[in-house]
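I have placed the structure first, in the form of C-alpha cells, so that the comments after it can refer back to it.
Hydrogens, waters and symmetry mates are skipped; everything else that's a heavy atom, side chains included, is used.
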Amino acid sequence: MKKKNIKKLANNIRLDLLKMIFKSQSSHIASSLSIVDLLVVLYGKKIIKFDPNKPNLSNRDFFILSKGHAAAALYAVLANVGYFSKRKLLEYGRDNSNFMTHASHKVPGVEFSTGSLGHGLPFACGLAIAKKRKKLSNYVYVINSDGEMAEGSNWEAILFAAHHKLDNLILIIDYNKLQSFGSVDSTLGIEPIKSKFLSFGWNVYETNGHNYKKIEQVLLSCKATKGKPKCIIANTLKGKGISFMENKVEWHYKYPNKIQFEQAVKELTL
Amino acid sequence: MRNTFINHLTELAKENKNIFLLVGDVGYNVIEKFKKYFPDRFLNVGVAEQNMTSIAAGLASQGYHVFTYSIANFPTFRCAEQIRNDIDYHNLPVTIVSVGGGVSYGNLGYSHHAIQDYGLIRMMPNFKIASPGDSNEVISVLNYLTKSPQPSYLRLGKNTENNYTSYKKNIVAGKWYPLPSNKGHENVILSTGTSLKWVMNNIERFKKKDIYTLPLWGMSEKQKQKSISRQFSSIITVEDHLYDCGFGSWLKESINFSNTNRSIQSLALSTEVTSMVSSEENILKKMRIYN
C-alpha cells in the first residue's frame with residue numbers, strides 16, 4: 001500500500017472511531033487516536049500475516065491489544081481491512097452488542113479480550129512459547145499503553161520473554177506520555193524505559209509512532225533480528241489527528257458534543 | 001495426593017500430547033518425573049503466578065490442556081483476575097492445581113491456608129472444581145478433566161495418599177458417590193476434598209450415617225442437587241474451608257435455588273482459625289456446625 005493510501009486509510013479509521021465514540025457517547029477517544037498509525041502500518045502494510053476471510057487461519061500472526069480501552073481503533077481497523085462490514089461498527093457500545101468498548105474476542109479478528117491492564121503481554125508470552133514449542137514461525141504483536149507499564153504482571157512477562165528468548169514476540173509501547181490524571185512522569189515514572197528493557201535482555205527500538213515509513217522500517221528490523229524479544233517504544237501523541245484533543249488529559253474521558261464532532265470531521269476530511 | 005497426581009498426569013501425557021505443565025517454582029522432588037519425560041511440555045515459570053496463569057491461557061488458546069501447579073493460595077488468589085478474565089471468560093482448557101488445600105500446611109501459617117479458595121473459584125461460571133478426597137478420586141477426576149478439558153481447579157491435599165473410596169471409571173460432575181462401607185442410611189455425611197480424611201478419622205462421631213463424597217462440582221452442577229438431596233433425610237456437609245462461600249453454602253444455594261425446603265447442616269471452619277498456627281489436625285478440631 002502506497003503512502004497516500006496508508007494516510008487515507010488512517011484518516012478513514014480516525015473518522016470511523018470518531019463516529020463510533022460520538023454515537024455511543026463513550027470514553028477513550030484520545031487513547032484510540034494515539035495508536036491508529038501503528039495499527040494502520042501493522043495491518044495496512046500487512047506486517048501482520050492475516051486473512052480476514054479466515055480469522056482462525058493456523059499460520060496467522062497474532063495481535064493483542066493490551067490497552068483494551070482503545071478498542072474503537074482496533075475495531076475500525078478490522079472493519080477497514082475486511083474482517084466485517086463497516087456497518088457493524090455502529091454497534092459499538094450499544095446494548096446487546098459484541099462490540100463492547102474494551103477489546104472483545106467475540107469480535108472477528110480480536111484474539112483476546114482485554115480491558116484490565118497488564119494481561120495482554122503475559123498472554124502473548126503464552127502464545128509465543130506455544131508457537132516456539134510447536135516449531136511454528138508466527139509472530140505475536142502486542143500494544144501496551146505507557147501508563148500500563150506500572151502493572152507488575154508486565155514485568156513478570158518481560159523477565160519471562162527474555163529468559164526464554166521469545167524473538168517471535170514484538171511489544172509496542174504506545175508512549176504518548178499521558179495517563180488518567182496527567183503525565184506518566186508525574187504519576188509513576190517509567191523512565192529510563194529504554195534502559196530498563198535493555199537491562200532486562202530485550203532488543204529495544206525507538207520510533208515516531210505516527211511516521212508510517214519509520215514504523216514500517218522498525219517493524220521489519222524487529223522481524224529480521226533473532227534471539228531476543230523486541231520492544232518498540234513508539235513516541236505518540238494522545239488524541240493524534242484531532243487538534244483540540246491532542247495531548248489533553250480530558251479526552252481520555254470525554255466524548256465530543258455535536259459541534260466538536262463536526263469540527264473533528266472537518267479536520268479529518270480536509 | 002500430589003504424587004498420585006504427578007504420576008497419573010505423566011501417564012496420561014504419554015498418550016495425550018496436549019498436556020502441558022507449568023509450575024510456579026514449586027514441586028521439588030515431585031514434578032521432576034513429568035519434566036524428564038516431557039521437557040517440551042513443561043516450564044517452570046518462576047515465582048510469578050499472574051504471569052503463569054496468563055501464559056497458561058495463551059498456551060491453552062493454541063490447543064494445549066495446561067496444568068498450572070503451585071501451593072495453597074498462590075495459583076488462585078494471587079492471580080484471581082487472570083483466572084477470571086483470561087481463563088474463565090475465554091473458556092480455555094486450563095486446570096489450576098493447588099497443593100495443600102485446606103489447612104494441610106497448618107504450621108506454615110495463614111498465608112498457606114487455602115480456606116477461601118472454593119469461594120473464589122465457585123464464582124467462575126465456566127469452572128469445574130475437582131476436589132478429590134483420596135488417591136482414587138485424584139485419578140478419577142484427572143481422567144475426567146483430560147477427557148473434557150475445560151477451565152478447572154484441582155485442589156489437592158499434601159500428604160493424603162490413603163484410599164477410602166473406590167475408583168470411578170466415568171465420574172460424573174455433580175454426582176454424590178457413596179463409600180463402599182455404606183449401609184443404606186438415610187442420614188448422610190457429604191464430604192468434598194481433603195476433609196474426607198478428617199471424616200474417616202472421626203468416624204465414631206457419625207454412627208448411623210452413610211458417607212458420600214462429591215469430588216466434582218461447580219456453578220453448573222447446582223441444578224442437579226435438588227433431586228439428589230431429596231433421597232436423604234438429613235445431610236451434613238464437611239469441608240476444610242470457611243463456611244462462608246464454601247461447599248456447604250454452595251449446596252444450600254443449590255437447593256434453595258431449586259425451590260426445595262430441605263435444610264442441611266455444614267461442618268466447616270470458622271474465622272477463628274484464621275489466626276491459628278497449628279497442625280492440620282489441631283486446626284480441624286475447630287470445625288463447627290453451621291445450620
Query - Other residues, nucleotides, ligands: >12 heavy atoms within 6.0 Å of B:Glu15 CD - result: no
Query raised in the report: With sequence neighbours excluded, what pairs up with A:Glu151 under the salt bridge (charged side-chain N to carboxylate O under 4.0 Å, His left out) test?
Result: none
Query raised in the report: More than 12 heavy atoms of other residues, nucleotides or ligands under 6.0 Å from NZ of B:Lys35: is that the case?
Result: no
Query raised in the report: Roughly how far, to the nearest 0.5 Å, is NZ of A:Lys134 from CG of B:Asp40?
Result: 12.0 Å
Query raised in the report: So do A:Ser113 and B:Asn85 actually touch side chain to side chain, heavy atoms under 4.5 Å?
Result: no
For residues 71-83 of chain A, run the donor-acceptor check on the side chains, cut-off 3.5 Å, and write out each pair with its distance to 0.1 Å, sequence neighbours left out.
| residue | atom | partner | partner atom | Å |
| --- | --- | --- | --- | --- |
| A:Tyr75 | OH | A:Met100 | O | 2.9 |
| A:Tyr75 | OH | A:His102 | O | 3.1 |
| A:Tyr75 | OH | A:Ser104 | N | 3.1 |
| A:Asn80 | OD1 | A:Lys86 | NZ | 3.3 |
| A:Asn80 | ND2 | A:Asp16 | OD2 | 2.8 |
| A:Asn80 | ND2 | A:Ala76 | O | 2.7 |

Query raised in the report: So what's closer than 4.5 Å to chain B heavy atoms on A:Phe62: side chain, backbone, both or neither?
Result: side chain
Query raised in the report: Got more than 12 heavy atoms from elsewhere within 6.0 Å of NZ, B:Lys147?
Result: yes
Query raised in the report: Any side-chain heavy atom of A:Arg133 sitting closer than 4.5 Å to one from B:Tyr64?
Result: yes
**Report entry** A:Lys226 atom NZ, over 12 foreign heavy atoms within 6.0 Å
**Finding:** yes
Query raised in the report: Tell me, side chain or backbone of A:Lys132 under 4.5 Å from chain B's heavy atoms, or both, or neither?
Result: neither
Query raised in the report: When rounded to the nearest 0.5 angstrom, what is the spacing between CZ in A:Phe112 and OG in B:Ser54?
Result: 6.0 Å
Query raised in the report: Crowded around A:Tyr253 OH? As in, over 12 foreign heavy atoms under 6.0 Å?
Result: yes
Query raised in the report: Just wondering, are more than 12 heavy atoms of other shown residues or ligands nearer than 6.0 Å to NZ in B:Lys36?
Result: no
Query raised in the report: Are any side-chain N or O atoms of B:Gln62 and backbone N or O atoms of A:Ala130, one a donor and one an acceptor, separated by less than 3.5 Å?
Result: no
Requested in this report: Taking the side chain as every heavy atom from C-beta outward, state whether A:Ser153 and B:Gln82 have any pair of such atoms under 4.5 Å apart.
Outcome: yes
Query raised in the report: What's the verdict on side-chain contact (heavy atoms from CB on, under 4.5 Å) for B:Tyr89 and A:His105, showing C-alpha distance, side-chain angles and the deciding distance?
Result: CA-CA 10 Å; B:Tyr89 182 44; A:His105 68 287; 3.7 Å; yes
Report summary line: Applying a strict 4.5 Å limit to non-hydrogen atoms, the region of A:His163 in contact with chain B is neither
Requested in this report: Tell me, out of B:Glu49, B:Arg41, B:Gln50, B:His90, who's got the most heavy-atom pairs with chain A below 4.5 Å.
Outcome: B:His90
Query raised in the report: Does a sphere of radius 6.0 Å around CZ in A:Arg60 hold more than 12 heavy atoms from other residues, nucleotides or ligands, not counting ones at 6.0 Å or beyond?
Result: yes
Query raised in the report: What parts of residues 116-125 of chain A touch chain B if we use heavy atoms and a cut-off under 4.5 Å?
Result: A:Ser116, A:His119, A:Pro122, A:Phe123, A:Cys125
Report task. Kindly check if the number of other-residue, nucleotide or ligand heavy atoms within 6.0 Å of NZ (A:Lys88) is above 12? Result -> no
Requested in this report: Please list, in residue-number order, every residue in residues 24-35 of chain A that has a heavy atom less than 4.5 Å from any heavy atom of chain B; write 'none' if there are none.
Outcome: none
Query - Proximity breakdown for B:Leu22 and chain A, heavy-atom pairs closer than 4.5 Å - result: neither
